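Some notes on the structure that comes next.
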Amino acid sequence: MSSLRNTITPERLIRQEILALNAYHVPPSTGMIKLDAMETPYLLPESLRAQLAQLVAGAEINRYPDAGAHSLKERIRQVTALPSGMDVLLGNGSDEIIQLLAMAVAKPDAVLLSVEPSFVMYKMIAAFTGMSYVGVQLSEDFSLDLPAMLVAIEQHQPALVFLAYPNNPTGNLFDADAIKQIIEASPGLVVVDEAYYAFASDSFLPLLDEYENLLVMRTFSKLGMAGLRLGFLAGSKIWLEQLEKLRLPYNVGVLSQLVAETLLANHDVLLQQAEQIKQDRAWLYERLVGTVDVHAYPSEANFVLFRVGQATKVFEGLKQRGVLIKNLNGGHPALIDCLRVTVGTPGQNEAFVVALQDTINHLA
Ligand code: PMP
């Protein structure tokens, strides 16, 4: 018996593609100025927090949540001005929705296609669900390489295409006409991932009824609700009713539904915070552009990507000075010497710029 037990090892039992993965890494951040994860730096106004406290006190957490989350979905319809005839599916963060989509189409040899560099979970979730992954390189300026995309779509016939709009970690919006051509050329679903919609100047949501294979995904994580875990997929009922079968019945809890609904009833407060962040992004970008040895990329999101000599040393120097950002150096080849900073409060941005300059001076 015991010799048999010894042969039960993860290497023998777990799928090879899972053994080969590295878990998504979340670094410790206690006591630091946290500019690594695209969170909103602002708490809610005191009056709204008091209102939420009262609602939470009265919440029936002894009961399972409304499995259909009807009133929350209705609120989402209103604040997003969803085109009529379109439906909404809720996820425990949009990560979960990526997983639902992949599970639904993961026939043997099915392909998930995206661009690189982009959001790493597309590739990871392809591995989780046994899909083949194809990553088409972006051009040097991080724009879409449309000819390469069209060739890859023709060659691999992807069941799912993910395009982050704006893209993470590069921050840019791709050319909308190029995306339309990709949607038209795709034999499967194209998901435009608008995680950063609140900071961007364009959206595909109004185009949902023009393309039968288009879905638009959004999250509220970047709009002050990262801790709630709430994302949604918008699109035609013919797709969403299939995905609903895979959604675990109570994936969005009582408290998340209640709080999100209340916050969306105060959407203007959240959008004001987003407006402030957009202004501060412009300030931060200008400061980065003006820093010797730094190349900053324009952004339509709540972060700025920049390239700097000795990026890992700069990242470590910032950490020693109490500022945590994201080190992308050593990941994708197109991101050599790249770092990504989330826009914080004006004070945090200032502290970051000072710490960056100090670090660069010390390394010179
Ligand atoms: N899509 C993109 C492009 C992202 O950058 C992120 C988060 N970094 C997500 C989706 C997932 O967000 P969440 O699971 O918090 O909704």
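Everything numeric in this text was worked out from a predicted model, so none of it was measured. We use all heavy atoms of the structure for the numbers below, so side chains are in, but hydrogens, waters and symmetry mates are not. In this chain, numbering begins with 1 at the start of the sequence shown. Counting convention: from 1, in listed order, for ligands and their atoms alike.
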Which of parallel (below 30°), tilted (30 to 60°) and perpendicular (above 60°) describes Tyr196 and Phe303?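 Plane angle over 60°, so perpendicular.
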Please work out which of the three classes, parallel, tilted or perpendicular, describes the rings of Phe204 and Tyr165, given edges at 30° and 60°.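 Perpendicular, since the angle between the ring planes exceeds 60°.
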Contacts of Phe174 that satisfy ring pair (Phe, Tyr, Trp, His ring centres under 6.0 Å) - sequence neighbours left out: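 For Phe174, no residue satisfies ring pair (Phe, Tyr, Trp, His ring centres under 6.0 Å) once neighbours in sequence are set aside.
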With distance as the sole test, does Ser186 use its side chain to make a donor-acceptor pair with the main-chain N or O of Leu189 at under 3.5 Å?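 Answer holds: no.
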Between ligand 1 and the protein, give all atom pairs where both partners are nitrogen or oxygen and the distance is under 3.5 Å, as lines of names plus distance to 0.1 Å.
| unit_1 | atom_1 | unit_2 | atom_2 | d |
| --- | --- | --- | --- | --- |
| ligand 1 | 1 (N) | Asp193 | OD1 | 3.4 |
| ligand 1 | 1 (N) | Asp193 | OD2 | 2.6 |
| ligand 1 | 5 (O) | Asn168 | ND2 | 2.8 |
| ligand 1 | 5 (O) | Tyr196 | OH | 2.6 |
| ligand 1 | 8 (N) | Lys222 | NZ | 3.1 |
| ligand 1 | 12 (O) | Ser94 | OG | 3.3 |
| ligand 1 | 14 (O) | Ser94 | N | 3.2 |
| ligand 1 | 14 (O) | Asp95 | N | 3.1 |
| ligand 1 | 14 (O) | Asp95 | OD1 | 3.4 |
| ligand 1 | 14 (O) | Asp95 | OD2 | 3.3 |
| ligand 1 | 14 (O) | Arg229 | NH2 | 2.9 |
| ligand 1 | 15 (O) | Ser221 | OG | 2.6 |
| ligand 1 | 15 (O) | Arg229 | NH1 | 2.7 |
| ligand 1 | 16 (O) | Ser94 | N | 2.6 |
| ligand 1 | 16 (O) | Ser94 | OG | 2.8 |
| ligand 1 | 16 (O) | Thr219 | OG1 | 2.6 |
| ligand 1 | 16 (O) | Ser221 | OG | 3.4 |

side-chain contact (heavy atoms from CB on, under 4.5 Å) between Leu52 and Leu263, intermediate numbers included: CA-CA 9 Å; Leu52 286 176; Leu263 291 190; 4.0 Å; yes
Hey, are Glu316 and Lys313 close enough for a salt bridge, meaning a charged N less than 4.0 Å from a carboxylate O?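 Not counted as a salt bridge, because no side-chain N and carboxylate O are separated by less than 4.0 Å.
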